[in-house]
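Written out below as structure tokens is the structure these notes cover.
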Amino acid sequence: GVKNPTVILASIATGAALTLIAAPAATAAPHTAAAASSGTPRAVNGHTYKIRLKAGIAKLPTRAERPAGYARSKFKTWDDADHDCQDTRSEVLRQESERHVTGKCTVKTGLWVSYYDHVRTTEAHNFDIDHLVPLDEVWRSGGRSWSKAKREAYANDLTEKRTLVAVSAHSNRSKGDRDPSEWMPEYGHCKYVKSWVAVKLRWGLAADQLEKDSLRSYATRCGNPMITVHKAKVVKPKHTGGGGSSGGGGGSHACTKTSSGSCIRAGEFCPQASYGDVGYDASGDKLVCSGSHSHPHWE
């Protein structure tokens, strides 16, 4: 998981999460974004398939973990891939808020509910952004052999909404870098297990035997539901923030802009007046304003 700037010292003591560098002030953002903008790797959806939870667990390669060599610095976090001054933390907070957020670059207020423990808050600084499969766990399960670009794309994966979740700081610290054999949230066990398996399959990660045994036990209790897996494809855009981009599987369509001037993203709210409209993200992937008529999202 990843903590917000107010709890960095506590994070270092436990090793539970990544240190978050605060987003730059709005006046400095254009310069900072430009300096870090070129070729930022990002994850897009490749092949998509549906699979029963038990079959998905069986599909995970069974391997003992290899923890040696892990360091948080090997996963570059908090990119601003579309150069709108909103880094990954801010983007997740915007995606998951149940009402309009305040704060241009750094999100300040909104309404968030942590499904781990049902804590609610209107103050962004009270919540952490958790890598559902922690970075340390990713490293132990196969990420040690990834390229720097792939690790960065995982750490900032905004395309798959299950990879990064806004949760209470308390639940995130409680979890640390533990897998489902060692920790489960207070609520939402089935949602958590389905998400864990889907994210691991998305990124081709393994699971050790104890982890798989625990997942199988929960799958039985959860009724063996169907899950959807979107395989990750890592791309480096030729350019960002403007028109079309060289995304994976996308076309040459110019991206559809939001009211703030940034490209739309999967999972973001879209105006009710745009319900049913088709748009394109920064990679040229087609999205539709759909879902709930009262709170539609780009999907």
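Just so we're clear, the structure is a prediction, and the values are computed from it rather than from any experiment. Hydrogens, waters and symmetry mates play no part in the numbers below; they use all other heavy atoms, side chains included.
- Ser214 and Ser217 share no donor-acceptor pair across their side chains, judged by distance under 3.5 Å alone.
- In this structure, Asp82 and Arg265 have side chains that are in contact, with non-hydrogen atoms separated by less than 4.5 Å.
- For the atom pair CG (Leu164) and CG (Asn156), the distance works out to 7.5 Å, reported to the nearest 0.5 Å.
- For His189, the NE2 atom is densely surrounded, since the number of other residues' heavy atoms within 6.0 Å is greater than 12.
- Between Gly142 and Arg63, the shortest heavy-atom contact is CA-NH2, 4.5 Å.
- Between Ser262 and Lys257, the closest side-chain pair of non-hydrogen atoms is not below 4.5 Å.
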Determine, step by step, whether Val197 and Ile227 satisfy the side-chain contact (heavy atoms from CB on, under 4.5 Å) criterion, reporting the C-alpha distance in whole Å, the side-chain angles of both residues, the deciding distance to 0.1 Å, and the verdict. CA-CA 9 Å; Val197 174; Ile227 59 173; 3.9 Å; yes
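- Nearest heavy-atom pair across Ala219 and Ile57 is CB-CD1, 3.8 Å.
- In terms of heavy-atom proximity, Ala43 sits nearest to Asp157 at CB-OD1, 3.7 Å.
- For the residue pair Leu205 and Gly143, the shortest heavy atom distance occurs at CD2-N, 4.0 Å.
- Residues Asp87 and Ser90 form a side-chain contact, since some pair of their non-hydrogen atoms from C-beta on lies under 4.5 Å apart.
- Other residues, nucleotides and ligands contribute more than 12 heavy atoms inside 6.0 Å of the CZ atom of Arg144.
- With respect to the salt-bridge test (charged N to carboxylate O, under 4.0 angstrom), the residues Arg72 and Asp136 do not qualify.
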Please determine whether side-chain contact (heavy atoms from CB on, under 4.5 Å) holds for the pair Thr48 and Val229, giving the CA-CA distance in whole Å, both sets of side-chain angles, and the decisive distance to 0.1 Å. CA-CA 6 Å; Thr48 297; Val229 178; over 6 Å; no
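- Residues Arg42 and Asp79 are not paired through a salt bridge, judged by the lack of any N-O separation under 4.0 Å between the basic side chain and the carboxylate.
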Trace of the ring pair (Phe, Tyr, Trp, His ring centres under 6.0 Å) decision for His47 with Tyr49: CA-CA 7 Å; His47 175 62; Tyr49 62 94; 5.6 Å; yes
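- Side-chain atoms of Gln209 and Asp213 form a donor-acceptor pair, as typed in the model, at a separation below 3.5 Å.
- Side chains of Thr109 and Val101 form no contact here, defined as non-hydrogen atoms less than 4.5 Å apart.
- A donor-acceptor pair under 3.5 Å is absent between the side-chain atoms of Asp208 and the main chain of Glu65, judged by distance alone.
- Of the residues Lys233, Lys231, Arg202, the one that meets the side-chain hydrogen bond (donor to acceptor under 3.5 Å, both in side chains) test with Asn45 is Arg202.
- Relative to the ring axis of Tyr154, Lys74 does not place its NZ or CZ within 45° and under 6.0 Å from the centre.
- Looking at Asn172, its side chain never comes within 3.5 Å of a backbone N or O of Gly176 through a donor-acceptor pair.
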What's the verdict on side-chain contact (heavy atoms from CB on, under 4.5 Å) for Thr122 and Trp112, showing C-alpha distance, side-chain angles and the deciding distance? CA-CA 6 Å; Thr122 58; Trp112 298 274; 5.6 Å; no
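- A perpendicular orientation is assigned to the rings of Trp139 and Phe75, their planes being inclined by more than 60° (bins at 30° and 60°).
- Under the 4.5 Å side-chain contact rule for hydrophobic residues, Tyr115 and Val113 do not share a cluster.
- Proximity of a side-chain donor or acceptor of Gln86 to a complementary backbone N or O of Lys104 within less than 3.5 Å is detected.
- A salt bridge does not link Arg216 with Glu211: every distance from a Lys NZ or Arg NE/NH1/NH2 to an Asp or Glu carboxylate oxygen is 4.0 Å or more.
- Across Phe127 and Ala166, no two heavy atoms sit closer than the pair CD2-C, 3.9 Å.
- Remark: Ser174 OG to Met184 CE distance equals 12.0 Å, nearest 0.5 Å.
- Note that the SG atom of Cys105 and the CG atom of Asp84 stand 8.0 Å from one another [nearest 0.5 Å].
- Within the structure, salt bridge (Lys or Arg N to Asp or Glu O under 4.0 Å) pairs that include any residue of residues 111-127 do not occur (at least two apart or interchain).
- For the ring-ring contact (aromatic ring centres under 6.0 Å, His included) test with Tyr192, the passing option among Tyr218, Trp183, Tyr187 is Trp183; the others fail.
- Of the inter-residue distances, the one linking Ser114 atom OG with Glu186 atom CD reads 9.5 Å to the nearest 0.5 angstrom.
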Decide yes or no on side chain to side chain donor-acceptor pair (under 3.5 Å) for Lys212 and Thr62, but give the supporting numbers first. CA-CA 8 Å; Lys212 292 189 79 167; Thr62 307; 2.9 Å; yes
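- Geometrically, Lys175 does not engage Tyr116 in a cation-pi contact, judged by NZ or CZ lying under 6.0 Å from the ring centre and within 45° of the ring axis.
- A donor and an acceptor atom, one from each side chain of Lys108 and Thr102, are nowhere located under 3.5 Å apart.
- A distance of 7.5 Å separates CG in Asp128 from OG in Ser168, rounded to the nearest 0.5 Å.
- Under a 3.5 Å cut-off, the side chain of Arg151 and the backbone N or O of Trp146 do form a donor-acceptor pair.
- Residue Ala155 comes nearest to His131 through the heavy atom pair O-NE2, 2.8 Å, listed as atom of the first residue, atom of the second, then distance.
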Stepwise side-chain contact (heavy atoms from CB on, under 4.5 Å) test for Ile129 and Leu93: CA-CA 8 Å; Ile129 304 305; Leu93 288 168; 4.0 Å; yes
Could you walk me through whether Arg140 and Asp179 satisfy the salt bridge (charged side-chain N to carboxylate O under 4.0 Å, His left out) test, starting with their C-alpha distance in whole Å, then the side-chain angles of each, then the deciding distance to 0.1 Å, before giving a yes or no? CA-CA 11 Å; Arg140 299 192 301 259; Asp179 71 31; 5.4 Å; no
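- The SG atom of Cys270 lies 8.0 Å from the CD1 atom of Ile264; values are rounded to the nearest 0.5 Å.
- With a 4.5 Å cut-off on side-chain heavy atoms, Val138 and Trp203 do not count as touching.
- No hydrogens or angles considered: a donor-acceptor pair under 3.5 Å links the side chains of Lys200 and Ser141.
- Contact check on Glu91 versus Arg94 returns no salt bridge, with no Lys/Arg side-chain nitrogen under 4.0 Å from an Asp/Glu carboxylate oxygen.
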